[in-house]
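Take a look at the structure set out below.
All values derive from a computational prediction rather than experimental measurement. What's counted below: heavy atoms across the whole structure, side chains too, no hydrogens, waters or symmetry copies.
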Amino acid sequence: MTRVVVEAKTGIDALPLPGPPNMDGVSAAVDTMHSTGLALLEQLATRRDVLDAAAHVMHITPHRDSDPDGLTVIQDTGRHAGREGFAGLSNGEVLPHTERSSLAAPPRLMMLVCARPAATGGQCLLADGHAVYADLAEHHPDALAALSEPRSAFFGGGDGHLGSVFTPRADGRPLIRLRWDSLARFSPLAQPYLPVLRAAITRHQRTLTLAAGQGYVLDNTRWLHARSAFTGPRLCYRALGEPKDVGP
């Protein structure tokens, strides 16, 4: 995970950028996406700042839960606990997943910025799919083969996507697609290896505790993101979209 943007305050390593808000800083974050697929952000104090930063790096695409400007408010609504596909709108744990895994082509980028931190919990848990892939290739090649088999996983409801957890690309770098709830189903060949996959993801997770104005942008086809359960009025803004100037 490349270090960018302002001083560390809550466990995020960062480099100072003048600012708030500063599109040069966002551009510097974009540069890190070429190699790492993940960049950290800070000094995004308002919803307008978040929207401007997102529009600087991506063509924002709407989501089922987004507002007209394309941003989704991620908070405990008090109405979504226990509803499949709505875990992010509760205060419960969110397991590692790919955003919009049920689409044939999930959005390439996901940006999340904290507007109001939780009283307790609510940490962001990020795992590099390339590291997970390499881990399985070295220690559990049978698991990797099963989880890369075409048509070995189905993500979503009746109009979901039939594919696999890992899909190799022509350049050798894998794409990752995953969710853990009842809207994911796996073939008899892949099912026995899910605990192995879960353990590998856990080994490579990194924890971020975001203060207000801090966040990240990641390659949604490479990084898995999750969240710990929380208490208090945690509120984040999320944007999804296709890159304007991010590497392959």
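Residues I201 and W180 meet the side-chain proximity criterion, which asks for heavy atoms closer than 4.5 Å. No side-chain heavy atom of D49 sits less than 4.5 Å from a side-chain heavy atom of V113. Two residues are said to be in side-chain contact when any heavy atoms from C-beta on lie closer than 4.5 Å; S102 and L183 fail this criterion. Looking at heavy atoms from C-beta onward, D67 lies in side-chain contact with R47 at the 4.5 angstrom threshold. Here the side chains of L136 and V196 are in contact, with some heavy-atom distance below 4.5 Å. At least one side-chain heavy atom of L197 sits under 4.5 Å from a side-chain heavy atom of V132. Contact of the R169 side chain with the L175 side chain is registered, since non-hydrogen atoms from C-beta on lie closer than 4.5 Å. Counting heavy atoms from C-beta on, the side chains of P168 and P174 never come closer than 4.5 Å.
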Checklist entry - Step by step, would you call Y216 with M110 a side chain to side chain contact (heavy atoms under 4.5 Å, CB included)? => result CA-CA 8 Å; Y216 60 83; M110 194 275 280; 3.6 Å; yes

Checklist entry - Does the pair Y237 and L51 meet the rule for a side chain to side chain contact (heavy atoms under 4.5 Å, CB included), with working shown? => result CA-CA 9 Å; Y237 297 119; L51 187 61; over 6 Å; no

Next on the checklist: As a quick check of understanding, evaluate side chain to side chain contact (heavy atoms under 4.5 Å, CB included) for D128 and L38, giving each step before the final call.
Outcome noted: CA-CA 9 Å; D128 186 352; L38 172 68; over 6 Å; no

Checklist entry - After noting the C-alpha distance and the side-chain angles of D219 and R173, does the key distance pass the salt bridge (Lys or Arg N to Asp or Glu O under 4.0 Å) rule? => result CA-CA 13 Å; D219 183 339; R173 292 182 294 175; over 6 Å; no

Next on the checklist: Run the side chain to side chain contact (heavy atoms under 4.5 Å, CB included) test on K244 and H56 for me, step by step, so that the C-alpha distance in whole Å, both residues' side-chain angles and the decisive distance to 0.1 Å come before the verdict.
Outcome noted: CA-CA 8 Å; K244 288 183 174 179; H56 189 73; over 6 Å; no

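Side-chain heavy atoms closer than 4.5 Å link hydrophobic residues (I, L, V, M, F, W, Y) into clusters, and following such links, even through other members, never connects L125 to I74.
In plain terms, the two heavy atoms of L95 and A226 that are nearest each other are C-CB, 3.7 Å. For the residue pair S152 and S164, the shortest heavy atom distance occurs at OG-CB, 3.6 Å. Between T36 and W223, the shortest heavy-atom distance links the atoms O-NE1, 2.9 Å. Listed here is the closest heavy atom pair of F230 and A118: CB-CB, 3.7 Å. The two residues Q205 and A127 make their nearest non-hydrogen contact at CG-CB, 4.0 Å. Between A146 and L189, the shortest heavy-atom distance links the atoms CB-O, 3.7 Å.
One N or O on the side chain of H97 and one on the backbone of H225 form a donor-acceptor pair closer than 3.5 Å. Of the possible polar contacts, one joining the E242 side chain to the R108 backbone as a donor-acceptor pair under 3.5 Å is found. No donor-acceptor pair under 3.5 Å is formed between the side chain of T98 and the backbone N or O of S101. Side-chain N or O atoms of N220 include one that pairs as donor or acceptor with a backbone N or O of P107 at under 3.5 Å. Side chain of R238 to main chain of T72: no donor-acceptor pair is present (N/O by atom type, distance under 3.5 Å, no hydrogens or angles). The main-chain N or O of G156 is found under 3.5 Å from a side-chain atom of R185 such that the two form a donor-acceptor pair.
T61 pairs with exactly one of L240, L109, L103 by the side-chain contact (heavy atoms from CB on, under 4.5 Å) rule, that one being L240.
A donor and an acceptor atom, one from each side chain of T207 and Q123, are nowhere located under 3.5 Å apart.
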